[in-house]
Amino acid sequence: MAFLGDCVIVFVSQMLFFAGGWLFFNKELFKHYEIRHISVQLIFSATFALSVTMFELIIFEIIGVLESSSRYFHWRLGLTLLLFMVTAVIPIYICHSVIHSISFFSDKLVRILTTICWFVFLYGLWRIGEPFPLLSASHGIFTIEQGVSRISVIGVTVMAILSGFGAVNYPYTSMTYFIKPVSRNDIICFERRLALTVDMLVAKKRRIAMAAYNHNKQHTTKPRIWEMITSAVHRTSSGEDINQLKQEVYGLEELLRSVFLELNSLKNMEERQRWSQTLKGKYFNVIGHFFSVYCVYKIFMCCINIIFDRVGRKDPVTRGLEIAIHWCGFDIDFAFWNQHISFMLVGCIVVTSIRGLLLTLTKFFYRISSSKSSNIIVLILGQIMGMYFCSSVLLMRMNMPAEYRVIITEVLGNLHFNFYHRWFDVIFLVSALTTTVVLYLSRKPVPSDDSDLH
């Protein structure tokens, strides 16, 4: 009876997570598009529910909800279903959707090509394990450990890239220190330059149109030999060179594009200046300073971990409590505070991870989606989401006290956990440094060529 009750609790929570994924799909991702395939919505919502269930089981592990055997059963069942989604259901559906969009393929050929593409995907997924210290075939092929070990390489890479970018970009976009001072006169000056460039461009295009008109008029009234001479030199009766005018128009169009982008950048910076003066802007400025310190600390620690091949042995909560008891002399209940602080820490990580990934997926979807490609892109995002959350569980294990991470270790088996933490540090460092260089180059003033205005 206890096992049945535990199953009901997990099933009800999964239904709630499924409904949350369904609402997010309708209200955020597809609010500007017509839902053409209900199966895409079902796959995305099911992947979201299974992914969030992994985090739920971590919290249940800390606060002691469900029986130990029930948690172990649902861990294995949830991971099996999530791996089935990201290695079979979603890849097959993506391949089928892409191939089916090619109109001249018959249904039989679509099925054959879909099967071939899926086997190619599985082969590539298996070959990922060759350059990395993952499990060998001696541990079995169709096992949870093999699936997680390979899926997590991709998931950890995505996590590290997003984390490195966010650790640098968030302080850059929220701190007033990085807001370039812009006056209203600067904007007015660029608006005048833009208007002057447009006027000059219109005037030159008008001259080209008039030259073409005169040329066509000459074509109907002059002898053939004269047409050949005039077309050879590309001049009108007024002595204007059409090729020269076209070159000037091309230069003005490039200048117009440059001035417009600079004006848009100035207006965005002016908007950021106004936003930074609000209460919300001041709050994010303080948070940005905190994250800038965290970014520097994280980059420094990644360098230390990589150089000295170091991986943390104790979670932050246990280490902090040991310092408080042994070094600071606080008389506190270690087990009580270890459980409650771990619960709050893991809860914060879960909430921020889910929120951060959903915001990133929404921005990415709006940038590249269209009415024709939206369903395929949602499936790709669902694939990334499943890999991301599966890897998050693996990495979050290090933030849990030893007594709470036992069941995760049992479920995941003989994985090389230290490799994934080291791989995260390497990719995070590359992503953070690359983002820093790109933002630095984007802030460098680009000299504009005003020769076309004279």
_Spacing of CG belonging to Leu263 relative to CG belonging to Leu194, to within rounding of 0.5 Å_ =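 Going from the CG atom of Leu263 to the CG atom of Leu194 covers 6.0 Å.
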*Partner residues of Val198 under the side chain to side chain contact (heavy atoms under 4.5 Å, CB included) criterion, sequence neighbours left out*: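 Here the qualifying residues are Val202, Leu256.
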*asked:* Check for me whether the distance between the ring centres of Phe55 and Phe389 falls short of 6.0 Å.
replied: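 Centroid separation for Phe55 and Phe389: below 6.0 Å.
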*asked:* Check Arg257 with Glu253, please: is the shortest side-chain N to carboxylate O separation under 4.0 Å?
replied: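 Here Glu253 does not pair with Arg257 in a salt bridge, since their nearest N and O are not under 4.0 Å apart.
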*Taking the six-membered ring of Phe190 as reference, does the NZ or CZ atom of Arg193 fall below 6.0 Å from its centre and within a 45° cone about the axis?*
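Yes; both conditions hold, so Arg193 lies above the ring face of Phe190.
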*Non-neighbouring partners of Asn264 that pass side chain to side chain donor-acceptor pair (under 3.5 Å), sequence neighbours left out*: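 With sequence neighbours excluded, Asn264 shows a side chain to side chain donor-acceptor pair (under 3.5 Å) to no residue whatsoever.
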_Could you work out, with side chain to side chain donor-acceptor pair (under 3.5 Å) as the rule, every residue matching Ser265, not counting sequence neighbours?_
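Side chain to side chain donor-acceptor pair (under 3.5 Å) check on Ser265 returns nothing, list empty.
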Please list, one pair per line, the donor and acceptor atoms closer than 3.5 Å that link side chains of residues 281-291 to other protein atoms, with sequence neighbours excluded.
unit_1: Asn285; atom_1: OD1; unit_2: Thr176; atom_2: N; d: 3.1
unit_1: His289; atom_1: ND1; unit_2: Asn285; atom_2: O; d: 2.7

*asked:* Suppose we screen for salt bridge (charged side-chain N to carboxylate O under 4.0 Å, His left out). Which residues come up paired with Glu191, at least two apart in sequence or across chains?
replied: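 Applying salt bridge (charged side-chain N to carboxylate O under 4.0 Å, His left out) to Glu191 gives Lys267.
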_Please find the pair of heavy atoms, one from Phe121 and one from Gln383, that lie closest to each other, and give the distance._
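Residues Phe121 and Gln383, closest heavy atoms: CZ-NE2, 3.8 Å.
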*Looking only at heavy atoms, what is the nearest atom pair of Thr197 and Leu252, with distance?*
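Shortest heavy-atom contact: CG2-O, 3.8 Å.
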*asked:* Which label fits Phe44 and Phe25: parallel for a plane angle under 30°, tilted from 30 to 60°, or perpendicular past 60°?
replied: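 Because their plane-to-plane angle lies in the 30° to 60° range, the rings of Phe44 and Phe25 count as tilted.
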*With no hydrogens and no angle check, do the side chains of Ser39 and Tyr93 hold a donor and an acceptor under 3.5 Å apart?*
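Short answer, yes.
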Contacts table for residues 427-435: side-chain donor-acceptor under 3.5 angstrom, sequence neighbours left out:
unit_1: Ser431; atom_1: OG; unit_2: Ile161; atom_2: O; d: 2.8
unit_1: Ser431; atom_1: OG; unit_2: Phe165; atom_2: N; d: 3.3
unit_1: Thr434; atom_1: OG1; unit_2: Val430; atom_2: O; d: 2.7
unit_1: Thr435; atom_1: OG1; unit_2: Ser431; atom_2: O; d: 2.7

